[in-house]
Amino acid sequence: MKKVKKGDIVARKSHEKDIIFYVKRIIKTSSGEIAILTGLLERIEADSKIEDLEILDKKNRNYYLKRQEEKIKERIENKKQDYEIGIIESQEKRISNKIVTGKILHLDGDKRYSQKSYNYYKKLGLNAIVKNIPEYRQPKVVYQLLKIYNPDILIITGHDGMIKKGTNYNDIYNYRNSRHFINTVKEARRYDLENNKKTVIFAGACQSYFEALILAGANFASSPARILIDFLDPLIVAEKVATTEKYRYITIDDITKELREGKRGVDGIGANGKMTIL
């Protein structure tokens with residue numbers, strides 16, 4: 001049997017191969033080798049004994065990736081049609097007016113997701129800067145990045161997960177990256193306070209500490225039910241806020257049908273849109 005190594009695409013046999021993972025790194029312990037895994041389609045981080053992993057062949061791997069690409073492509077095509085209709089209607093009402101969507105700054109701990117996110121925003125014509133920054137470094141750099149780019153919307157994400165799933169919901173150390181997301185939100189709100197800004201913030205990934213993220217100052221966060229969220233979920237929130245006029249207040253009810261698991265995966269206090277018609 002081929003030995004699992006860093007970079008392999010795998011699934012866990014004990015979990016009936018329910019999630020497709022990328023092997024981020026392998027750690028040697030006294031009880032054997034442990035693989036640190038990140039979701040290929042979901043924003044989850046986990047660990048597993050090497051013996052429990054099965055390497056997926058190219059055919060299986062490509063099947064899942066193709067399904068995701070088709071899903072993203074279909075959404076982009078549908079959304080582009082919606083925006084074109086909206087722009088035509090706005091132009092009929094306000095001849096020669098210019099539509100300016102909200103500016104997005106997206107920090108993502110996953111390099112692959114960073115590139116996919118950038119491509120998604122670009123194809124929709126949204127004004128977005130995407131930075132691949134490991135979760136633990138996000139609190140250290142967010143203030144300076146906000147100062148440089150001055151966005152309307154901040155997306156803080158990557159991978160997360162509960163170490164002991166189903167227990168210790170209020171223990172920050174039972175989450176792999178939630179504390180980093182929380183500290184990043186706090187730094188972003190410090191920036192807002194010191195610079196008189198009102199940035200709309202989404203924070204979190206799979207199974208993140210939702211209540212603490214909201215308490216830290218996020219408008220939207222994951223994951224109330226401590227479940228998996230889709231790669232696209234944070235992008236959908238960013239897109240909705242960026243393309244909604246400033247006078248309109250957005251609640252999770254305006255987005256929930258477009259999210260993988262609705263309010264169980266993402267919730268929040270809401271925010272005003274960030275689109276301006278000049």
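The closest side-chain donor-acceptor pair between K131 and Y149 falls under 3.5 angstrom.
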The test is side-chain hydrogen bond (donor to acceptor under 3.5 Å, both in side chains); show your working for E211 and Y169 and say whether it passes. CA-CA 10 Å; E211 296 82 3; Y169 287 100; over 6 Å; no

Salt bridge (Lys or Arg N to Asp or Glu O under 4.0 Å), that's the test. Do R260 and E42 meet it? Break it down for me. CA-CA 10 Å; R260 170 172 163 158; E42 293 97 354; 3.0 Å; yes

Step by step, work out the salt bridge (Lys or Arg N to Asp or Glu O under 4.0 Å) result for K274 and E245. CA-CA 6 Å; K274 291 294 184 177; E245 289 185 70; over 6 Å; no

Side chain to side chain contact (heavy atoms under 4.5 Å, CB included) between D160 and E45, intermediate numbers included: CA-CA 5 Å; D160 206 353; E45 183 171 297; over 6 Å; no

Starting from the C-alpha separation in whole Å, work towards a yes-or-no answer on side-chain hydrogen bond (donor to acceptor under 3.5 Å, both in side chains) for N127 and T101. CA-CA 7 Å; N127 183 6; T101 59; over 6 Å; no

Go through Y120 and L232 one step at a time and tell me if the side chain to side chain contact (heavy atoms under 4.5 Å, CB included) criterion holds. CA-CA 9 Å; Y120 180 84; L232 274 175; 3.8 Å; yes

Worked verdict on I26 versus I36 for side chain to side chain contact (heavy atoms under 4.5 Å, CB included): CA-CA 6 Å; I26 294 174; I36 304 300; over 6 Å; no

Stepwise side chain to side chain contact (heavy atoms under 4.5 Å, CB included) check, I76 with I72: CA-CA 6 Å; I76 288 170; I72 294 170; 3.7 Å; yes

Let me see the working for R226 and Y209 under side-chain hydrogen bond (donor to acceptor under 3.5 Å, both in side chains), right down to the final yes or no. CA-CA 8 Å; R226 305 307 193 268; Y209 193 169; 5.8 Å; no

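In this structure, OG in S222 is found 7.0 Å from CG in L213, a value given to the nearest 0.5 Å. Taking CE of M275 as the start and CZ of R248 as the end, the distance is 9.5 Å to the nearest 0.5 Å. Here the straight-line distance linking atom NZ of K3 with atom CD1 of I50 works out to 7.5 Å at 0.5 Å rounding. To the nearest 0.5 angstrom, Y191 atom OH is 10.0 Å from E194 atom CD. M162 CE to Q207 CD: the interatomic distance, rounded to the nearest 0.5 Å, is 7.0 Å. The CG atom of L56 sits 4.5 Å away from atom CD1 of I20, with the distance rounded to the nearest 0.5 Å.
With Q138 contributing its side chain and I133 its backbone, the two residues share a donor-acceptor pair below 3.5 Å. With D8 contributing its side chain and K5 its backbone, the two residues share a donor-acceptor pair below 3.5 Å. Although no hydrogens or angles enter the test, the distance criterion places a donor-acceptor pair under 3.5 Å between the side chain of T251 and the main chain of D253. The main-chain N or O of S223 is never found under 3.5 Å from a side-chain atom of S208 such that the two would form a donor-acceptor pair. Here the side chain of D233 pairs a donor or acceptor atom with the backbone of D230 at under 3.5 angstrom. With hydrogens and angles disregarded, no donor-acceptor distance shorter than 3.5 Å links the side chain of D267 to the backbone of A221. Counting only distance, with no hydrogens or angles, the side chain of N183 and the backbone of R179 share a donor-acceptor pair below 3.5 Å. At least one donor-acceptor pair closer than 3.5 Å links the side chain of T184 to the backbone N or O of H180. A donor-acceptor pair under 3.5 Å links the side-chain atoms of D108 to the main chain of D110, judged by distance alone. Remark: side-chain polar atoms of R189 are paired, donor with acceptor, to backbone N or O of T199 under 3.5 angstrom.
In this structure the side chain of I34 never reaches within 4.5 angstrom of the side chain of S48, judged on heavy atoms. Counting only heavy atoms from C-beta outward, the side chains of L37 and I44 never approach each other to under 4.5 Å. Counting heavy atoms from C-beta on, the side chains of I153 and I155 come closer than 4.5 Å. With contacts defined as side-chain heavy-atom distances shorter than 4.5 Å, the pair F220/I255 qualifies. Looking at L154 and L107, their side chains come closer than 4.5 Å, going by heavy atoms from C-beta outward. Contact of the K123 side chain with the K73 side chain is not registered, since no non-hydrogen atoms from C-beta on lie closer than 4.5 Å. Looking only at side-chain heavy atoms (C-beta outward), T157 and H106 come within less than 4.5 Å of each other. Taking the side chain as every heavy atom from C-beta outward, V23 and V4 approach each other to under 4.5 Å.
Take D52 and apply the salt bridge (charged side-chain N to carboxylate O under 4.0 Å, His left out) test, not counting sequence neighbours, and it matches no residue.
In this structure, R190 places its CZ atom where more than 12 heavy-atom neighbours from other residues, nucleotides or ligands lie under 6.0 Å away. Within a 6.0 Å radius of CD in E70, other residues, nucleotides and ligands contribute more than 12 heavy atoms. Crowding of E74 atom CD: a count of heavy atoms from other residues, nucleotides or ligands under 6.0 Å not exceeding 12. Atom OH of Y249 is surrounded by more than 12 heavy atoms from other residues, nucleotides or ligands within 6.0 Å.
With Y22 as the aromatic partner, R112 meets the cation-pi criteria of under 6.0 angstrom to the ring centre and within 45 degrees of the ring axis.
Members clustered with F210: I214, I269, by chain and number, using a 4.5 Å side-chain heavy-atom cutoff among hydrophobic residues.
Note on I129: it does not cluster hydrophobically with I104, by side-chain heavy-atom contacts below 4.5 Å among ILVMFWY residues. Both L235 and L124 are part of a single hydrophobic cluster, where members link through side-chain heavy atoms under 4.5 Å apart. Put simply, Y121 and L259 are part of the same group of oily side chains (I, L, V, M, F, W, Y) that touch within less than 4.5 Å, one to the next. Criterion: ILVMFWY side-chain heavy atoms under 4.5 Å apart, direct or through other members. Under it, Y143 and L105 are part of a common hydrophobic cluster. Follow the hydrophobic side-chain contacts under 4.5 Å out from I163 and you never reach I182; the two are in separate clusters.
E187 and K147 are not joined by a salt bridge, as no carboxylate oxygen comes within less than 4.0 angstrom of a charged side-chain nitrogen. Salt-bridge annotation for R12 and E54: absent, with no side-chain N of the basic residue lying under 4.0 Å from a carboxylate O of the acidic one. A salt bridge between E33 and K49 is absent, with no side-chain N of the basic residue lying under 4.0 Å from a carboxylate O of the acidic one. Electrostatic pairing of D47 and R176 counts as a salt bridge here, judged by a charged N lying under 4.0 Å from a carboxylate O.
Heavy atoms only, all atoms of each residue included: A188 and I201 are closest at CB-CD1, 3.7 Å. The nearest pair of heavy atoms linking A35 to L53 is CB-CD1, 3.7 Å. Nearest approach of P234 to R43, heavy atoms of both residues: CG-NE, 3.7 Å. Taking all atoms of both residues into account, the shortest heavy-atom contact from V185 to A203 is CG2-CB, 3.6 Å.
Partner H159 forms a ring-ring contact (aromatic ring centres under 6.0 Å, His included) with one of Y113, Y175, F181, F21 and no other, that one being Y113.
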